[in-house]
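Taking it in order: structure first as structure tokens, then the write-up.
Side-chain atoms are counted along with the backbone in the values below, which use heavy atoms only and exclude waters and symmetry mates.
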Amino acid sequence: MTATEEAHSLLSQIPNLTVLTGAPLSRYTRFAIGGPADVYAETTSVEAFIAALSATRASGIDTMVIGGGTNLIVSDEGFRGIVLRFRGDRLYAANHRIIADAGAVLQDLVDFSIAHGLQGLETLAGIPGSVGAAVYGNAGAYGHSISERIVNVCFYDGHTTRTFDNQDCEFHYRESIFKRHKDWIIFSTKLRLDPGDAATLRKTADDILKVRNEKFPVTMKCAGSIFKNLLYAELPPAVAAEVPSTAVREGKVPAAWFLEQVGAKGTQRGDIHVATYHANLIYNAGTGTAADLKAVIADLKSRVRTRFAIELEEEVQYVG
Ligand SMILES: Cc1cc2nc3c(=O)[nH]c(=O)nc-3n(C[C@H](O)[C@H](O)[C@H](O)COP(=O)(O)OP(=O)(O)OC[C@H]3O[C@@H](n4cnc5c(N)ncnc54)[C@H](O)[C@@H]3O)c2cc1C
């Protein structure tokens, strides 16, 4: 029996776990790119998830956790190991606090908070993906990040379930301690919100959704922005001097500004395109491959490195 067959057989014995072999990961990524995972397993049960993780780790097989797959680039060869997804999606509200399971859709959390007249998450409207990954990557938009509202995060560290307060999570721009401990699995988070007027909050969220849907049509196979924006204060002085003040927003220079200076818009390789209206948006126009996508990303990084001697950093996560 191969290690994969053994893992499949072990996982199949765990109640409340759905197990698939050779599942194409292109089905689970918004880019619609990615070869098969040896084994794919998902569950809404914390106990089943921990049992699956323990079984696979004990057999020495690589594991990888995904959420909604909206920020992933999976290689054309797929993933040799087991891809796990936690789909628990309960949301509770009490005393201006919400507890959200990691598998909940972030937009459902935003809508839930608004329906309860709670202010603080409405600017996250339209960010695709799950609550767990939003915590992992400290997702945000319109000058706010989810970390501003997080009281604590409950996660599994491979041995036991732990709870970290906000400060322990070491949140920064699109960063958290979870990005440096990829084996830690987030199960839920508690958020503190303020009372607000539901109709006003709904309008704010709907206005944002309208703008976002124009920029990122819901059917577009992409990951939103490929590269992180850059903190103006951290740029080398000679580079900072070249950036017009109108390009600086909330202390950051959009990666798109640098990409525009090197003619990134409209770049194409196979079915992988850089949008003509947004230099930091790469999409799969049909049957694009991870190889072409990675080549375009490398090309854009190299152009910016040559012109500005700075390194763009991917916001997307690689698998396989
Ligand atoms: C059109 C579009 C627009 C976007 N706009 C924005 C934006 O404005 N702001 C922004 O911040 N992001 C944006 N993104 C990026 C993306 O939506 C976020 O990064 C989102 O949080 C990813 O969620 P996901 O569930 O799809 O995660 P995935 O892509 O599946 O995974 C991302 C990472 O999270 C990890 N992860 C997932 N679940 C867990 C868990 N339970 N525990 C530990 N680690 C976990 C995975 O291992 C992986 O490394 C956009 C993406 C798209 C497609």
[atom1] of [X]: more than 12 outside heavy atoms within 6.0 angstrom?
X    : atom1 : value
R249 : CZ    : no
K210 : NZ    : no
E311 : CD    : yes
R90  : CZ    : no

(message) Using the rule given for side chain to side chain contact (heavy atoms under 4.5 Å, CB included), can you reason through L91 versus L109, listing the C-alpha separation, both sets of side-chain angles and the distance that settles it, and then say yes or no?
(response) CA-CA 7 Å; L91 301 169; L109 169 61; 4.0 Å; yes
If every non-hydrogen atom of [X] is compared with every non-hydrogen atom of [Y], which pair is closest and at what distance?
X    : Y    : answer
L201 : L118 : CD1-O, 3.4 Å
A240 : Y232 : O-OH, 3.6 Å
H116 : A93  : CD2-CB, 3.7 Å
H278 : K265 : N-CE, 4.1 Å
I208 : E122 : CD1-O, 3.9 Å
K221 : G286 : NZ-O, 3.3 Å

(request) Check whether any side-chain N or O of R85 sits under 3.5 Å from a backbone N or O of G67 as a donor-acceptor pair, and report yes or no. (result) yes
(message) Using the ring centroid of each side chain, check whether F258 and F227 are separated by less than 6.0 Å.
(response) no
(message) Check for me whether the distance between the ring centres of F49 and F187 falls short of 6.0 Å.
(response) yes
(request) Verify the cluster assignment for V46 and L84: are they in a single hydrophobic cluster under the rule of side-chain heavy atoms below 4.5 Å apart? (result) yes
(message) Test of understanding: clusters of I, L, V, M, F, W, Y form through side-chain heavy atoms closer than 4.5 Å, transitively. Do V153 and L106 belong to the same one?
(response) yes
(request) Applying salt bridge (charged side-chain N to carboxylate O under 4.0 Å, His left out) between K228 and each of E315, E234, E175, report the one that passes. (result) E175
Short side-chain donor-acceptor distance under 3.5 Å, [Y] and [X]:
X    : Y    : value
N138 : S176 : no
R303 : T267 : yes
Y277 : K215 : no

(message) Under the criterion salt bridge (Lys or Arg N to Asp or Glu O under 4.0 Å), I'd like the reasoning laid out for R202 against D111: C-alpha separation, chi angles, the key distance, then a yes or no.
(response) CA-CA 8 Å; R202 189 67 264 165; D111 291 339; 3.0 Å; yes
(message) Under a 4.0 Å threshold between the charged nitrogen and the carboxylate oxygen, would E242 count as salt-bridged to R307?
(response) yes
(request) Check the pair R269, D299 against side chain to side chain contact (heavy atoms under 4.5 Å, CB included), reporting the backbone distance first and the verdict last. (result) CA-CA 11 Å; R269 187 179 164 111; D299 171 34; over 6 Å; no
Return the [atom1] to [atom2] distance between [X] and [Y], rounded to the nearest 0.5 Å.
X    : Y    : atom1 : atom2 : answer
L230 : K252 : CG    : NZ    : 10.5 Å
I226 : I297 : CD1   : CD1   : 4.5 Å
C222 : I272 : SG    : CD1   : 11.0 Å
E42  : R87  : CD    : CZ    : 4.5 Å
I310 : L235 : CD1   : CG    : 6.0 Å

(message) A side-chain contact here means heavy atoms from C-beta on lying under 4.5 Å apart; do Y156 and S54 qualify?
(response) yes
(message) If you define the side chain from C-beta out and look only at heavy atoms, does anything of K179 sit under 4.5 Å from E170?
(response) no
(request) Check the pair S26 / I33 against side chain to side chain contact (heavy atoms under 4.5 Å, CB included), numbers first and verdict last. (result) CA-CA 4 Å; S26 52; I33 286 175; 5.6 Å; no
(request) Please confirm whether R162 makes a cation-pi placement over W184, using NZ or CZ under 6.0 Å from the six-membered ring centre and within 45° of the ring normal. (result) yes
(request) Starting from the C-alpha separation in whole Å, work towards a yes-or-no answer on side chain to side chain donor-acceptor pair (under 3.5 Å) for D271 and T287. (result) CA-CA 6 Å; D271 261 350; T287 53; 3.1 Å; yes
(message) Let's go through H181 and D157 carefully: what are the C-alpha distance in whole Å and the side-chain angles of both, what is the deciding distance for side chain to side chain contact (heavy atoms under 4.5 Å, CB included) to 0.1 Å, and is it a yes or a no?
(response) CA-CA 9 Å; H181 291 272; D157 70 0; over 6 Å; no
(request) Going by the side chain to side chain contact (heavy atoms under 4.5 Å, CB included) test, name the single residue among V151, N152, I146 that passes it with L191. (result) I146
